[in-house]
Amino acid sequence: MCPEAVTINAYLPGEAEVVERIEETPGIFTLRLRLADAEAHRAYRFAPGQFNMVYLYGVGEVPISIVSDPEDDELLDHTIRAIGRVTRGLAQLRAGDRIGIRGPYGRGWPLERATGRDVLVVTGGLGCAPVVSVINYIVRRRAQFRRLVIIQGVKHSDDLIWRDRYEEWAALDNTQVLLAADVARPDWPGYVGRVTNLLQHARFDVNDCTVMMCGPEIMMRFTAQELFKRGVAAESLWLSMERNMQCAVGSCGHCQYGPDFICHDGPVFNYPRIAPLFGVRGF
């Protein structure tokens with residue numbers, strides 16, 4: 001379960017200062033933020049997997065996953081791909097600039113359920129952003145979890161962000177890191193092909209594991225099928241879903257997914273809850 005979140009305001013953004021901007025790759029950057037209201041900053045709480053609505057004054061707001069550790073009381077990190085009007089505007093910000101923040105929203109990853117079990121994290125593209133806080137959480141509390149397997153797939157090897165982090169994670173005890181790229185440069189150290197093909201190399205207990213997955217839905221659908229073939233129970237699989245989230249409080253209806261709203265009831269769902277709609281055209 002997620003900790004009780006302290007929201008800045010459900011409907012109005014609070015002001016935050018950009019403390020640092022980190023260029024991850026061309027077109028992908030991380031903003032490190034501090035809430036302008038010191039009391040609000042001290043009270044702010046979130047769970048890995050939750051998101052904030054990030055507001056660029058005069059332009060608009062977008063939902064962005066929180067990638068920092070929940071126990072980091074200094075800064076609030078968001079990794080962003082510059083693909084639209086708002087995110088391209090956010091990409092121009094520098095230290096000292098001010099933006100709006102409201103949140104956190106949604107339900108995060110089932111870390112309590114994962115405690116004492118093997119954990120498999122499968123991501124595609126920038127799908128690592130919603131789960132990097134989970135990986136950091138486990139790494140900093142390594143004794144609470146058993147084996148950690150991280151599988152990351154990208155379209156092109158140049159798209160891989162946080163290369164140094166993957167190397168650090170791979171060097172940890174009882175941790176396995178597997179990387180895949182559809183297209184790769186000659187010096188690519190990982191596998192060339194689909195993420196699903198890496199599952200045969202993943203070493204984890206299919207009978208006592210928690211799987212956390214995020215990325216393109218077609219990738220998640222085929223990966224889920226392969227996991228079930230290997231004997232992973234559907235109840236052990238958790239997915240982070242993406243939709244057009246605008247209000248973040250389940251009121252506007254843009255992110256409705258059957259009876260649920262991604263912003264309010266997700267973005268993290270247990271597979272059995274969404275299985276009837278998962279992969280169905282139009283949903």
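Not measured: the values here are computed from a predicted model.
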Sequence neighbours left out, cut at 3.5 Å: what donor-acceptor pairs do the side chains of residues 223-234 make with other protein atoms?
residue: T223; atom: OG1; partner: M219; partner atom: O; Å: 2.7
residue: R230; atom: NH1; partner: L199; partner atom: O; Å: 2.3

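E168 is linked by a side chain to side chain contact (heavy atoms under 4.5 Å, CB included) to nothing, counting only residues two or more places apart in sequence or in another chain. By the side chain to side chain donor-acceptor pair (under 3.5 Å) test, S68 pairs with no residue at all, sequence neighbours left out. Under the rule for a side chain to side chain donor-acceptor pair (under 3.5 Å), R94 has no partner lying at least two apart in sequence or in another chain. Residues passing the side chain to side chain donor-acceptor pair (under 3.5 Å) test with R140 are D69, sequence neighbours excluded.
Between Y257 and F269, the angle of the ring planes lies from 30° to 60°, which puts this pair in the tilted group. Between Y57 and Y55, the two ring planes are perpendicular [angle over 60°; tilted spans 30° to 60°].
Here the closest non-hydrogen pair linking L111 and M212 is CD2-CE, 4.1 Å. Scanning all heavy atoms of the two residues, the minimum distance from H156 to A181 falls at C-CB, 4.2 Å. Closest non-hydrogen pair, R34 versus E74, comes out as NE-O, 3.9 Å. Considering all non-hydrogen atoms of both residues, A114 and T210 come closest at CA-OG1, 3.5 Å. For the residue pair Y44 and P104, the shortest heavy atom distance occurs at OH-CB, 3.5 Å. Heavy atoms only, all atoms of each residue included: F278 and E217 are closest at CZ-O, 4.0 Å.
At most 12 heavy atoms of other shown residues, nucleotides or ligands fall within 6.0 angstrom of atom CD in E39.
Checked by atom type, the side-chain pair R102/Y105 shows a donor-acceptor distance below 3.5 Å.
Judged by distance alone, the side chain of W169 and the main-chain N or O of L172 form no donor-acceptor pair under 3.5 Å. A donor-acceptor pair is defined here as one N or O able to donate and one able to accept, closer than 3.5 Å; no such pair exists between the side chain of H78 and the backbone of V54. A donor-acceptor pair is defined here as one N or O able to donate and one able to accept, closer than 3.5 Å; no such pair exists between the side chain of Q92 and the backbone of G89. Using modelled atom types, one side-chain atom of R45 and one backbone atom of R42 make a donor-acceptor pair closer than 3.5 Å.
D97 has no carboxylate O lying under 4.0 Å from a charged side-chain N of R21, or vice versa, which leaves the two without a salt bridge. Taking a cutoff of 4.0 Å between a charged side-chain nitrogen and a carboxylate oxygen, R117 and D208 qualify as a salt bridge.
Note that R147 lies outside the cation-pi zone of F145, set by a 6.0 Å cut-off to the ring centre and a 45° limit from the axis.
Screening residues 258-267 for side chain to side chain donor-acceptor pair (under 3.5 Å) gives D260-R273 as the qualifying pairs, with residues at least two apart or on separate chains.
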